[in-house]
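Please read the structure below before turning to the comments.
If you're wondering where the values come from, they're calculated on a predicted model, not measured in any experiment.
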Amino acid sequence: MDELNDQRQQRIKKLDLLRDLQVPPYGTRFEVTDRAGDLIRLHGEKPKEELERESIPCRIAGRIVALRRFGKAAFAVVQDGADRLQVYLKKDRLAEPSYRVCEQLDLGDWIGVSGHLFRTKTNEFTVDVSELTFLSKALRPLPEKWHGLTDVETRYRQRYVDLIANPSVHDIFITRSRIIAGIRAFLIDKGFLEVETPMMQPIPGGATAKPFVTHHNALGVDLFLRIAPELYLKRLIVGGFPRVFEINRNFRNEGISTIHNPEFTMLEFYVAYADYNDLIALTEELFGKLAQEVRGSTTIEYQDKQINMAAPWRRWSYRQAILEVNGLDASVLQDRTAALETAKKLGVEVKQDADLPTILNEIFEETVEPNLIQPTFITDYPIELSPLARRKDTDPTLTDRFELYIAGREIANAFSELNDPLDQRQRFEAQDAQREAGDEEAHHLDEDFLRALEHGMPPTAGEGIGIDRLVMLFTNQASIRDVILFPQLRPEK
RNA sequence: GAGCCGGUAGCUCAGUCGGUAGAGCAUCGCCCUUUUAAGGCGAGGGCCCUGGGUUCGAGUCCCAGCCGGCUCACCA
């Protein structure tokens with residue numbers, strides 16, 4: 001169908017017309033000395049007379065996204081990154097072959113121009129072009145000029161078109177890059193070492209999730225795409241790096257939704273000699289800094305909610321939160337039957353044979369989580385939900401752990417790491433029992449990880465932050481697909 | 001996996017009660033040397049998501065499927 005498309009045929013014809021003019025339709029280099037955005041920032045506010053007086057030369061390149069032709073002149077809007085700058089192409093001013101080239105221009109073509117800055121009659125900041133260089137031909141038409149590209153499926157499948165047609169999409173991904181660069185700078189400044197650990201693992205560990213399986217032919221073994229880097233990063237703490245972090249992809253073979261993509265970017269960092277309280281302070285500092293850098297304020301707006309990132313944030317123990325939100329008596333925390341009844345009364349669906357921690361967690365997720373709009377550290381999770389976290393000294397049924405919630409969503413998960421190899425072995429064995437009972441997502445026992453712990457790991461605190469959700473928060477996007485350049489979709493056709 | 005909504009020209013969308021497939025932008029031709037969604041005159045462009053069915057006749061009604069969005073379930 002595309003092959004027969006009339007607009008595409010027209011443009012292929014123009015390739016030959018350009019070649020007739022000795023102009024290669026797919027050129028080589030062009031010396032770019034200016035960026036449209038810089039010119040606009042530096043000179044865009046200057047009045048007409050000042051621009052005339054200064055006669056500022058410039059040389060930019062970009063894609064034509066609007067074209068208004070007259071008989072012997074034309075205005076083109078050139079898009080350079082997220083910025084757009086108008087250029088004026090006038091027959092008198094251009095050398096003879098240049099204007100012939102100008103007549104062949106289409107929306108979508110790449111050009112380079114040099115000339116001088118001026119203001120038009122209607123006061124538009126514009127480049128008066130004296131030399132036009134054709135750079136590359138577009139064979140396909142751009143989306144329509146004022147509605148742009150709105151079809152979400154096409155936006156995700158053909159992100160390149162989305163980026164051309166919707167400049168604001170550039171800003172989201174520029175912000176994403178700034179957030180990641182900001183995190184990296186923050187951690188490196190605090191003495192962290194950035195490392196890379198295996199994405200392909202023989203035993204998928206460090207999280208509760210279903211992995212993707214792949215196969216290595218030469219080794220003749222199945223490998224798993226990692227669900228978390230955690231166990232490898234802790235091996236590095238054992239090895240003697242006191243502060244490490246990794247920013248990389250995790251893969252989980254689970255559902256897709258507005259907050260889940262099968263591959264997602266995770267920051268994990270580990271600090272020797274520290275505990276989870278130290279990470280609370282570090283997290284507040286990091287988020288405050290990012291909010292300032294990216295939004296210019298510690299108050300940010302997310303989906304009509306005002307979120308105040310200024311430290312300190314609320315700390316609330318997991319059990320207290322369950323009790324307070326629902327006005328419950330502390331006795332339900334110890335009594336499975338009472339907890340089950342409470343769940344029913346609250347309209348929380350729970351399997352009849354669920355154990356006490358699971359019932360309480362269902363109640364937590366249904367009744368507490370959605371209300372945690374302002375940044376809140378939920379602390380002291382039960383040991384059953386935290387197979388890699390250190391027990392609390394004051395209560396061995398709880399762990400030294402927090403999860404950070406913002407806008408009703410889990411943003412970070414952190415704990416003092418379990419460094420007792422014998423306790424860790426028992427926890428893995430408990431997970432194995434759950435696996436045998438049918439829980440596909442239970443943690444796998446990792447002998448080499450236990451061997452590492454047996455060599456001694458210093459007291460350590462570790463934290464994971466989901467970067468995609470963090471970017472959603474800072475760019476005010478409702479869907480994770482809008483902060484991932486190429487989100488996973490079913491293949492076309 | 002379930003429910004709801006959507007899929008018509010390159011793009012954004014109309015399409016009445018089942019009766020010859022429409023608009024704007026884009027494209028092509030002509031005019032036009034300061035436009036801003038430039039303008040004027042004229043023209044071309046369709047696997048109406050796919051496959052069945054009902055009917056004299058289906059973009060429209062029915063069934064099945066494909067793709068997407070949202071909500072729910074699972075998950076970070």
Side-chain angles (χ1 to χ4, degrees), chain A residues 1-2 4-11 13-14 48 65-77 84 86-94 99 102 106-108 118-126 128 138-158 161-162 164-166 206-211 227-228 249-268 349 362 365-366 369 403-405 409-413 439-441 464-470 472 478-482 487 489-493:
Chain A
M1 189 165 77
D2 280 332
L4 302 172
N5 179 270
D6 134 71
Q7 298 202 39
R8 189 165 173 275
Q9 288 304 324
Q10 289 294 344
R11 285 166 181 246
K13 248 189 243 170
K14 289 180 186 173
K48 196 174 189 143
V65 292
L67 192 55
R68 294 177 284 273
R69 269 185 226 277
F70 300 81
K72 296 183 182 63
F75 288 94
V77 177
R84 294 177 166 197
Q86 178 171 270
V87 304
Y88 181 47
L89 302 156
K90 190 179 179 185
K91 191 174 184 182
D92 294 352
R93 192 140 312 158
L94 294 166
Y99 199 75
C102 183
D106 280 312
L107 287 172
F118 80 114
R119 278 187 187 283
T120 63
K121 264 185 201 168
T122 49
N123 216 34
E124 176 91 5
F125 184 62
T126 303
D128 189 10
L139 298 184
R140 291 172 186 261
L142 289 177
E144 185 238 6
K145 66 179 140 190
W146 65 84
H147 297 98
L149 179 67
T150 61
D151 181 82
V152 280
E153 185 173 353
T154 311
R155 287 190 48 228
Y156 297 149
R157 285 195 198 279
Q158 301 180 39
V161 181
D162 187 31
I164 299 164
N166 301 312
T208 308
K210 283 184 213 122
I227 54 176
R249 230 65 67 81
N250 288 350
F251 306 84
R252 300 193 183 171
N253 204 343
E254 289 160 359
I256 296 179
S257 76
T258 47
I259 50 170
H260 298 91
N261 195 60
E263 54 180 303
F264 62 100
T265 301
M266 191 76 176
L267 161 69
E268 284 201 14
E349 269 185 53
E362 292 291 336
E365 286 177 2
E366 286 284 316
E369 267 190 37
E403 289 202 356
L404 167 63
Y405 286 86
R409 252 174 230 161
E410 186 192 331
I411 296 289
N413 177 23
D439 182 356
E440 278 184 78
E441 298 189 353
I465 298 176
I467 297 298
D468 310 280
R469 290 186 186 176
L470 187 68
M472 288 170 69
S479 172
I480 201 167
R481 296 183 198 97
D482 290 313
L489 299 178
R490 226 175 265 276
E492 278 184 277
K493 289 172 192 173

Seminar exercise, completed: A/Q10 has its side chain closest, among B/C28, B/U35, B/A76, to B/C28
Problem set entry | Atom P, compared across B/C47 and B/C30: separation rounded to whole Å | 28 Å
Problem set entry | Strand partner of B/U27, provided both Watson-Crick or wobble distances fall under 3.5 Å | B/A43
Problem set entry | Between A/Q86 and A/T126, a side-chain donor and acceptor under 3.5 Å | yes
Exercise. Just checking A/D92: base, sugar-phosphate only, or nothing, at a heavy-atom cut-off of under 4.0 Å?
Worked result: base
Problem set entry | Any side-chain donor near an acceptor of the partner, A/E403 and A/Y405, under 3.5 Å | yes
Problem set entry | Distance-only side-chain donor-acceptor flag, A/R140 / A/Q158, under 3.5 Å | no
Problem set entry | Any A/R8 side-chain nitrogen or oxygen under 4.0 Å from OP1 or OP2 of B/G45 | no
Seminar exercise, completed: Quick note, A/V152 side chain, CB onward, closest among B/U33, B/G68, B/C70 is B/G68
Problem set entry | Separation between the C1' atoms of B/G18 and B/C28, rounded to whole Å | 36 Å
Exercise. Can you find a donor-acceptor pair, distance only, under 3.5 Å between A/Q86 side chain and B/U35 base?
Worked result: yes
Problem set entry | Minimum-distance nucleotide to A/D6 side chain [options: B/G44, B/U34, B/C13] | B/G44
Exercise. Where the side chain of A/H147 is concerned, which of B/U12, B/A76, B/C67 is the nearest nucleotide?
Worked result: B/U12
Exercise. Taking the nucleotide of RNA chain B with the closest heavy atom to each, which residue, A/G148 or A/M266, is nearer the 5' end?
Worked result: A/G148
For this session: Verify, without hydrogens or angle tests, whether A/D468 (side chain) and A/F264 (backbone) share a donor-acceptor contact under 3.5 angstrom.
Result: no
Exercise. Among B/C70, B/C67, B/A76, which nucleotide sits nearest the side chain of A/T258?
Worked result: B/C70
Exercise. Within less than 4.0 Å of OP1 or OP2 of B/C11, is there a side-chain N or O belonging to A/K145?
Worked result: no
Problem set entry | Under 3.5 Å on both distances, the Watson-Crick or G-U partner of B/U16 | none
Problem set entry | B/U35: pairing nucleotide in any strand, Watson-Crick or G-U under 3.5 angstrom | none
Exercise. When you check the phosphate oxygens OP1 and OP2 of B/C70, does a side-chain N or O of A/S257 lie under 4.0 Å from one of them?
Worked result: no
Exercise. According to the 5.5 Å centroid and 30° plane-angle thresholds, does A/F75 stack upon the nucleobase of B/A38?
Worked result: no
Exercise. For B/G39, does OP1 or OP2 lie under 4.0 Å from any side-chain N or O of A/R69?
Worked result: no
Problem set entry | P spacing across the pair B/C56 / B/C49, given as an integer number of angstrom | 25 Å
Problem set entry | Minimum-distance nucleotide to A/E144 side chain [options: B/C25, B/A26, B/A76] | B/C25
Exercise. Is the distance from OP1 or OP2 of B/U35 to the nearest side-chain N or O of A/T120 less than 4.0 Å?
Worked result: no
Exercise. Can you check whether A/R68 has a side-chain N or O nearer than 4.0 Å to OP1 or OP2 of B/U35?
Worked result: no
For this session: Return no unless some side-chain N or O of A/R157 is found under 4.0 Å from OP1 or OP2 of B/G68.
Result: yes
For this session: May I ask you to decide if the ring planes of A/F75 and A/Y88 are parallel, tilted or perpendicular, using 30° and 60° as cut-offs?
Result: parallel
Exercise. When you compare B/A64 with B/U27, how far apart are their C1' atoms, in angstrom units rounded to a whole number?
Worked result: 38 Å
Exercise. Rounding to the closest angstrom, what is the interatomic distance between B/U50 and B/A9 at atom P?
Worked result: 11 Å
For this session: Decide whether A/D482 and A/Y156 meet the rule of one side-chain donor and one side-chain acceptor closer than 3.5 Å.
Result: yes
Problem set entry | Atom P, compared across B/G45 and B/A2: separation rounded to whole Å | 43 Å
For this session: Measure from the side-chain heavy atoms of A/T150 and tell me the nearest of B/A76, B/U12, B/G10.
Result: B/U12
